[in-house]
Novice: 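Handing you this structure, nothing more for now.
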Amino acid sequence: MTDISCLDLNSGAKMPLLGLGVYKATGEHEVEDAIAAALDIGYRLFDTASAYKNEDGVGRALKETSIPRKKLFVTTKIWNNAQRIGDIEGAFHRSLERLQLDYVDLYLIHWPVPGCYLETWRQMEKLYAAGKARSIGVSNFDIYQLEELAKISDVVPAVNQIEVHPLWNQSELVSYCQSRGIAVQAYAPLARGAYLDRPELVEIALNHGKSVSQVGLRWSVQKNISVIPKSTKKERIEANAQIFDFSLTEDEMRAIDGMDEKFRSASVPPDLL
């Protein structure tokens, strides 16, 4: 079983540096089977969202495990329409019901909806104070939006979940967050496969006897960035966990840093364009 290191969050919680993302895992038993496989391998962090339409499956999978709840780290997120109608508490409790949980470890604002995200944060603070969300954070926030939050709240987001990978390292935003005690978590850390054939990464992978995917994930966790690669295939879930038994050199880290081309692999929701 893989021993996965953790990040200390400003809420006092510990968040694994590696988790399983379940975006688009909506086939019959797909998310349940993926989580069962991941649990056996050693994963304890599972990332879903109301918009993924699979919180029910996540809940069923976690209900089946004998692993104590306190050893699991479950993240979900509030979607844009709930922010627009101000139904933050209602949306949260519906997620909780689908997940069959008494609390979530991390609740995120999925996207910073203009004119809404500040009030959404105020309402999430209440869920945090009540212990229903053990940590609260944001996703897809830039520096301006984080500074706007800081003007109206003393609760610093525990996490900012953003797209980060060798082709878009977001170094300024990552540095800003980490200098203020906001943990960074990378979604799409494999850039949907966009860098898997890059010669510079292939060479580094060969040097370590690892795959390019493993090098890309290792690059992130070596920067204290948590990663949540999505997969429903057991062999890939297992391979993605084999990143804690080697380290990249300083030269290799710099070489990967130099690959940045601000390539976005994930799409922005049409209602925010």
Side-chain angles (χ1 to χ4, degrees), residues 1-23 25 31-32 34-49 52 54-55 57-59 61-77 99 101 103-108 110 128 133-139 157-165 174 177-178 181-190 210 213-234 236-248:
M1 182 177 289
T2 302
D3 185 20
I4 297 172
S5 304
C6 290
L7 284 175
D8 292 321
L9 301 185
N10 61 30
S11 59
K14 290 184 178 295
M15 181 176 72
L17 270 169
L18 171 70
L20 181 70
V22 298
Y23 176 59
V31 71
E32 293 95 324
I35 289 176
L39 285 166
D40 286 344
I41 292 161
Y43 285 71
R44 296 296 180 263
L45 164 59
F46 301 96
D47 179 274
T48 185
Y52 298 171
N54 58 15
E55 289 172 315
V58 173
L62 297 180
K63 201 77 172 175
E64 290 298 311
T65 183
S66 60
I67 296 167
R69 172 68 182 93
K70 65 182 180 181
K71 293 189 175 181
L72 301 173
F73 193 102
V74 182
T75 301
T76 194
K77 314 175 191 76
L99 289 163
L101 298 175
Y103 67 91
V104 294
D105 299 274
L106 179 62
Y107 196 47
L108 301 178
H110 206 151
Y128 177 51
R134 298 293 171 88
S135 302
I136 55 175
V138 297
S139 183
V159 173
N160 187 14
Q161 189 184 104
I162 56 177
E163 181 173 350
V164 178
H165 46 71
V174 169
C177 289
Q178 292 180 336
I182 303 169
V184 176
Q185 187 170 65
Y187 70 80
L190 300 175
K210 292 289 184 176
S213 295
Q214 289 165 334
V215 168
L217 295 175
R218 179 65 203 178
W219 169 82
S220 289
V221 301
Q222 211 161 303
K223 290 174 174 285
N224 283 322
I225 297 171
S226 175
V227 291
I228 47 170
K230 180 260 178 177
S231 182
T232 56
K233 294 180 171 57
K234 184 175 182 177
R236 289 184 187 171
I237 294 171
E238 187 166 18
N240 288 341
Q242 294 169 358
I243 59 173
F244 297 99
D245 59 353
F246 76 106
S247 294
L248 300 172

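Please read these numbers as outputs of a predicted model, since none were measured by experiment. Throughout, residue positions are numbered sequentially from 1 according to the sequence presented.
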Novice: Where do P189 and H165 come nearest, in terms of heavy atoms and distance?
Specialist: O-CB, 3.3 Å
Novice: Is there side-chain contact between L45 and M15, with heavy atoms separated by less than 4.5 Å?
Specialist: yes
Novice: Would you say the side-chain atoms of Q222 pair up with the backbone N or O of S247, donor to acceptor, closer than 3.5 Å?
Specialist: no
Novice: How far apart are the C-alpha atoms of D105 and R69, what are their side-chain angles, what is the distance that settles it, and do they pass the salt bridge (Lys or Arg N to Asp or Glu O under 4.0 Å) test?
Specialist: CA-CA 10 Å; D105 299 274; R69 172 68 182 93; 2.9 Å; yes
Novice: Between L99 and F46, is there a side-chain heavy-atom distance shorter than 4.5 Å?
Specialist: no
Novice: If you take all heavy atoms of Y187 and S139, which pair is closest and at what distance?
Specialist: CE2-OG, 4.3 Å
Novice: Report, as yes or no, whether the 6.0 Å neighbourhood of atom OH on Y23 holds more than 12 heavy atoms from other residues, nucleotides or ligands.
Specialist: no
Novice: Where is the tightest heavy-atom contact between P16 and K14, given as atom of each residue plus distance?
Specialist: CD-O, 3.9 Å
Novice: When rounded to the nearest 0.5 angstrom, what distance separates OH in Y43 from CD1 in I67?
Specialist: 13.5 Å
Novice: Within a strict 4.5 Å, meaning less than it, do heavy atoms of the F73 and C6 side chains meet?
Specialist: no
Novice: Test your reading of the model: is there a side-chain donor-acceptor pair from T2 to the backbone of I4, 3.5 Å cut-off?
Specialist: no
Novice: Are side-chain heavy atoms of V164 and K223 found at a separation under 4.5 Å?
Specialist: no
Novice: How close do L106 and G137 get, heavy atom to heavy atom, and via which atoms?
Specialist: CD1-N, 4.0 Å
Novice: Which heavy atom of L20 sits nearest to which heavy atom of A38, and what is that distance?
Specialist: CD2-CB, 4.0 Å
Novice: Once rounded to the nearest 0.5 Å, what's the spacing between atom CD of Q242 and atom CG of L217?
Specialist: 11.5 Å
Novice: Taking atom CD of E55 and atom CG of L101, what is their separation to the nearest 0.5 Å?
Specialist: 9.5 Å
Novice: Hey, does F244 have a side-chain heavy atom less than 4.5 Å from the side chain of R218?
Specialist: yes
Novice: I want to check something: taking the side chain as every heavy atom from C-beta on, are P157 and L108 in contact at a cut-off of under 4.5 Å?
Specialist: no
Novice: Minimum heavy-atom separation for K210 and F246, please, with both atom names.
Specialist: CE-CD2, 3.5 Å
Novice: Among V31, V58, I35, exactly one meets side chain to side chain contact (heavy atoms under 4.5 Å, CB included) together with T48. Which residue is that?
Specialist: V58
Novice: List for me each residue that meets side-chain contact (heavy atoms from CB on, under 4.5 Å) alongside E64, sequence neighbours excluded, and say none if there are none.
Specialist: none
Novice: Just how far is it from atom NZ of K230 to atom CZ of R236, taken to the nearest 0.5 Å?
Specialist: 9.0 Å
Novice: Taking side chain as C-beta onward, heavy atoms only, is S5 less than 4.5 Å from V221?
Specialist: no
Novice: Quick one: are N160 and Q185 in side-chain contact, heavy atoms under 4.5 Å?
Specialist: no
Novice: Can you tell me how far CG of L39 sits from NZ of K71, rounded to the nearest 0.5 angstrom?
Specialist: 12.5 Å
Novice: Atom CG of D3 and atom CG of D245: how far apart are they, to the nearest 0.5 Å?
Specialist: 11.5 Å
Novice: Quick one: do D47 and K77 make a salt bridge, cutoff under 4.0 Å?
Specialist: yes
